[in-house]
Amino acid sequence: MATNQEERKQRDEQIRETIMAKLVETGEKDRLKEMLRERLVACGWRDELKEFCKEVIRRRGLEKVTVDDLVGEITPRGRSTIPEEVKAELLKRIRTFLQST
């Protein structure tokens with residue numbers, strides 16, 4: 001049974017790598033990143049996360065917080081607060097791209 005799980009994990013990784021390669025070679029990855037950046041700025045997500053960063057720095061103290069600490073604390077919050085409609089739009093664009101290739 002573990003072998004089946006391992007095989008599936010390897011197959012999934014190969015699929016991810018193939019998709020990523022297609023996204024990169026066609027330039028679609030950059031277009032998706034730009035669309036995502038625009039949507040996150042437009043909905044205020046970027047500003048909210050920036051304020052959270054400032055809050056973490058104030059709470060811990062500028063001299064006591066490292067970049068790694070900051071990234072470790074804001075990453076989960078950043079990921080969990082991306083609006084569902086932005087996630088849905090990104091997923092739709094990826095699916096459309098994959099269907100067209």
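All heavy atoms count here, side chains included; hydrogens, waters and symmetry mates do not.
Going from atom NZ of K50 over to atom NZ of K54 covers 5.5 Å, rounded to the nearest 0.5 Å. Atoms CE and CD1, from M20 and I15 in turn, are 14.0 Å apart once rounded to the nearest 0.5 Å. Rounded to the nearest 0.5 angstrom, W45 CH2 and L36 CG are separated by 7.5 Å. Atom-to-atom distance recorded for D69:CG and I74:CD1 is 11.5 Å, nearest 0.5 angstrom. Distance CD/E25 to OG1/T101: 9.5 Å, rounded to 0.5 Å. Atom CD in Q5 sits 10.5 Å away from atom CD in E7 (nearest 0.5 Å).
Here the closest non-hydrogen pair linking V71 and P76 is O-CD, 4.5 Å. Heavy atoms only, all atoms of each residue included: P83 and L40 are closest at CD-CD2, 4.2 Å. Pairing each heavy atom of I82 with each of K87, the nearest pair is O-CE, 3.4 Å.
Residue-environment remark: CZ (R16) exceeds the threshold of 12 foreign heavy atoms within 6.0 Å. No more than 12 heavy atoms of other residues, nucleotides or ligands shown are found within 6.0 angstrom of CZ on R8.
Under the 3.5 Å distance criterion, the side-chain polar atoms of S80 are matched with a main-chain donor or acceptor of R77.
E28 is not listed as a side-chain neighbour of K22, based on a closest heavy-atom distance of 4.5 Å or more. Side-chain contact between R46 and L49 is absent, with no heavy atoms from C-beta onward closer than 4.5 Å. Looking only at side-chain heavy atoms (C-beta outward), E55 and R58 come within less than 4.5 Å of each other. A heavy-atom distance below 4.5 Å is not found between the side chains of V67 and L70. Looking only at side-chain heavy atoms (C-beta outward), F97 and T26 come within less than 4.5 Å of each other.
With salt bridges taken as basic N to acidic carboxylate O contacts below 4.0 Å, one links R37 and E34. Taking the charged nitrogens against the carboxylate oxygens, E85 and K92 have no contact shorter than 4.0 Å, which rules out a salt bridge.
Note on L90: it clusters hydrophobically with L98, by side-chain heavy-atom contacts below 4.5 Å among ILVMFWY residues. Both V86 and M35 sit in one connected hydrophobic cluster of ILVMFWY residues. Membership requires side-chain heavy atoms under 4.5 Å apart, directly or through other members.
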